[in-house]
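Input: a single structure, listed below in structure tokens.
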Amino acid sequence: MAMDKVDGLPVFDVDPYAEALLREPAAYYQALRACGPLVWIPRYGVCASGHISVVEAAFRDWRRFSSARGVGLADFSREPPWRPPSIILEVDPPAHERTRRVMARALSPQAVRALQPRFEQVAARLVEEALAQRELDGVSALAAAFPLEVFGDAVGVAREERHKLLAYGHMVFDALGPDNAVRRAALAEAGEIVPWIAARCAREALSDDGFGAAIHAAAERGEVTPHEASLLVRSLLSAGVDTTVATLANLLHCFATHPAQWQILRGAPELVMAAIDEVLRYASPVHTFCRTSTEAVDFVGFTMPADTKLLCVMGAANRDAARWQDAERFDIRRPSLPHVAFGSGIHVCVGQHVARQEVAALLAALVARVARIELAGEAEWRLGNAVHTLARLPLKLHATEAASLR
Ligand code: OVV
């Protein structure tokens, strides 16, 4: 780690997107935080921060930290985006407010709450199927299977070929990184996946009672155009699948590797919500989002140049010792403090209530039936330019006495 001051900024000579770091980021996060609140990464000509205070400040300061030039490494004002930009994510106020309002209404607390019995029913079934197996891959059998079924149904996507939703999620998130092997592999599938996704976003392809139909109803009321409605459905399919799959996989991994924490949760199921936030903090599914500075920005002792990308490294910020005691420890009983796993400010995850309800349903189904989550082989991390999660998680689930009597 070089600490020469360039433009007053500590230089961090690292490739955050190197495969070894994507797989095992803890040491990179630690070094990033140790470099200071803001660092310069020469390899990409970008700034980065792993300090929770800076990441929060940047997310909240949308005027000086724009999303409209893309929230990945690519600056849309210099290179064309790989797909038509998102009209809710990759946009600033005032345009953002109109689309955000439509999306927030479609995902209203009432609409989400109405889905809860269905989430619980599917979660119970999947956990019971998992218990019946001698060994299973936690990623495919639980983490992916659950959102594909319940979120797919919630949006109103036809059941055929839903695995393509996963491939699209990988594409959207991996496209946020540099032109590396991970990004190229994900985008190589675009020819097959993108037209399929576009077709699923049209009004006539969606069920009559889902989030998709609710968004298209806003078009019928004239709040957005029909084309904009389709793009907002695309946002649901971009952001709503891979992220919850990653969260569930990380949750299973956290408890498989921290068995004492699982026993604590079993003894105190009222900690389910706290446990979810601790998983999001400790194993943040989205590790990095970017913003672009629209002017030079003074931080404590440093100036960030204008027209520069800032890597907001949420994975690092969520383990910042300035906020959390023993930040490197997974502890579901720690006092709840705000993390940035869902972002912060005007772009904070609009679907987080759906996501939380999904994760809570599966976790509650596990707590009620599973005495022990045993790692049955080596966990394999998935290389993701923006999402940190597992590709494979061999597990053996041990039933509680009550569940084995059923
Ligand atoms: C990767 C991502 C996150 C959130 C929203 C979207 C994409 C979008 O396409 O709107």
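Indexing begins at 1, ligand by ligand and atom by atom, following the structure's order. Predicted model, so just to flag it, every value in this text is computed and none were measured.
Contact check for H287 versus V387: no side-chain heavy atoms found under the 4.5 Å cut-off.
With a heavy-atom cut-off of 4.0 Å, S238 touches ligand 1 through its side chain alone.
Checked against the 6.0 Å centroid criterion, the rings of F59 and F289 do not qualify as a close aromatic pair. Aromatic ring centres of W381 and H388: separated by under 6.0 Å. Ring-centre distance between F211 and H216: not below the 6.0 Å cut-off.
Contact atoms of ligand 1 toward R83: 8 (C), 9 (O) (distance under 4.0 Å to a heavy atom of the residue). Near F173, meaning under 4.0 Å from any of its heavy atoms, are these atoms of ligand 1: 1 (C). Each of the following atoms of ligand 1 lies closer than 4.0 Å to a heavy atom of S86: 8 (C), 9 (O), 10 (O). Atoms of ligand 1 lying under 4.0 Å from any heavy atom of I88, numbered from 1 in the order shown and given with element: 10 (O).
No donor-acceptor distance shorter than 3.5 angstrom exists from the side chain of D75 to the backbone of K309, with no hydrogens or angles considered.
Looking at atom 3 (C) of ligand 1, its nearest protein heavy atom turns out to be A239 CB, 3.6 Å. Scanning the protein for heavy atoms near atom 2 (C) of ligand 1, the closest one is L89 CD2, 3.6 Å.
Put simply, CG on L73 and CG on L176 are 9.5 Å apart, with the number rounded to the nearest 0.5 Å.
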